[in-house]
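Input: a single structure, listed below in structure tokens.
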Amino acid sequence: MTNSFEKIDILSLSLEELEKEIINIGEPKFRAKQIYSWIIKGKWGEEMKNIPLSLRQKLNEKFIFTLPKIEKKLVSKIDGTIKYLFELYDGEFIESVFMRYEHGNTLCISSQVGCRMGCKFCASTLLGRVRNLFSSEMLGQIIAAEKDTGERVSNVVMMGIGEPLDNYDNTIKFLRLVRDENGLNIGLRHISVSTCGLVDKINKLAKEELPITLSISLHAYDNETRSKIMPINNKYSIEELLSSCQSYFEKTSRRISFEYTLIEGKNDTEEGAVRLASILKKYIHSPCHVNLIPLNEVKETGLGTSKNVNNFKNKLLSLGINATVRRRLGSDINASCGQLRRQAKEERE
Ligand code: SAH
């Protein structure tokens with residue numbers, strides 16, 4: 001992020017990069033570590049207690065520091081899940097969801113403002129894509145949520161608004177920054193990147209040596225069914241996608257997870273489960289897991305949630321496919337991803 005004065009977006013820097021900048025402005029290197037430890041807590045200016053005023057003034061001339069601002073916050077009375085609507089520096093909105101699990105807190109973050117993938121069941125794509133998020137805005141969602149809750153985020157899922165692999169460079173930069181021991185220090189094994197299946201980018205990602213968990217939004221068992229609900233399937237067939245998943249596993253040894261949203265009358269029959277098991281067995285020769293998600297209904301799409309979730313799961317299990325149904329957290333604050341942003345945009349207009 002830069003503005004007309006070409007200030008540097010400080011949250012987009014690694015500690016080593018910040019050290020260089022600090023030396024460039026004639027300050028001792030150790031200041032960089034001090035500053036870094038403040039910014040990853042979301043603190044700036046006077047809040048940076050051990051930074052003298054003269055240096056804080058220099059920092060303001062050279063850098064910009066912004067965090068996503070909480071525009072709206074919904075807290076579930078059932079399980080404490082928090083849904084944030086964040087406003088970015090340019091007035092755009094994104095969403096993040098903070099979930100409490102036994103193994104720690106998970107934050108679901110957005111990777112773009114809107115989305116251009118056009119999946120027929122999804123609220124985030126209804127208005128198209130406005131812009132990519134900077135890596136600093138991805139980190140910023142975590143920092144803002146930790147600052148607001150006073151709790152640590154130990155797991156991150158890139159399953160909010162946007163297609164992370166359609167914003168490839170910033171996503172990779174984010175993954176390299178978030179693992180930094182001096183920074184947020186979230187291990188990549190605790191991060192899932194979810195994609196609708198950009199095969200060229202999956203192949204590229206396999207070479208980055210980033211031990212994240214890759215989640216594939218599959219949602220269908222053949223091309224006819226998949227193309228009807230996911231336009232990306234017209235570019236990359238389901239066979240190409242599954243082959244790239246198998247190569248990804250061979251290169252990285254990381255287990256692949258498949259997401260499968262069950263939509264009434266579209267992809268949820270027992271025969272569908274049989275065909276899904278069969279295509280997975282044909283292409284994936286490595287441990288995999290199917291995460292079944294009952295459709296979160298979005299009014300505009302006209303699609304309904306499946307009543308066949310358990311049958312579908314049991315059929316997959318009986319065929320030797322590891323499958324679970326995603327537990328729905330925060331059901332009382334509804335809002336499947338993308339809905340809050342659209343409401344906020346409508347209210348503004
Ligand atoms: N673009 C990425 C990540 C964002 S969506 C991707 O496609 O994977 C995160 C997951 O939620 C995806 O599996 C997506 O298909 C699913 N999803 C989107 N809208 C949904 C809805 N209304 N109900 C259930 N799952 C949905």
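Both ligands and their constituent atoms are indexed starting at 1 by order of listing. This is a predicted model, so every value here is computed, not measured.
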For residues F65 and K43, report the shortest heavy-atom separation together with the two atoms involved. CZ-N, 4.2 Å
Output the list of atoms in ligand 1 that are nearer than 4.0 Å to some heavy atom of C122, sorted by atom number. 18 (C), 19 (N)
Closer than 4.0 Å to some heavy atom of H219 - which atoms of ligand 1 meet that? 13 (O), 14 (C), 15 (O)
Is it the side chain, the backbone, both or neither of E163 that has a heavy atom closer than 4.0 Å to ligand 1? both
With distance as the sole criterion, is a donor-acceptor pair present between the side chains of Q57 and E61 under 3.5 Å? no
Which of the numbered atoms in ligand 1 are below 4.0 angstrom from a heavy atom of C196? 6 (C), 7 (O), 8 (O)
So which atom in E240 and which in S237 form the shortest heavy-atom distance, rounded to 0.1 Å? OE1-N, 2.9 Å
Step through the shown structure and confirm whether more than 12 heavy atoms of other residues, nucleotides or ligands are within 6.0 Å of CD on E271. no
Which is closest to atom 26 (C) of ligand 1 in terms of heavy atoms, T261, T301, T305, I263? T261
Examine F121 against ligand 1 and note whether any of their N/O atoms are separated by less than 3.5 Å. yes
For this output row, return yes or no: ring centroids of F312 and Y260 closer than 6.0 angstrom. yes
NZ of K147: more than 12 outside heavy atoms within 6.0 angstrom? yes
Below 4.0 angstrom from a heavy atom of E259, which ligand 1 atoms are there? Numbered from 1 as shown, please. 10 (C), 12 (C), 13 (O)
Atom indices of ligand 1 within 4.0 angstrom of V298 heavy atoms, with elements: 22 (N)
Is it true that H219 and F121 have ring centroids separated by less than 6.0 Å? yes
Does G160 come within less than 4.0 angstrom of ligand 1, counting non-hydrogen atoms of the residue? yes
Any G162 heavy atom less than 4.0 Å to ligand 1: yes
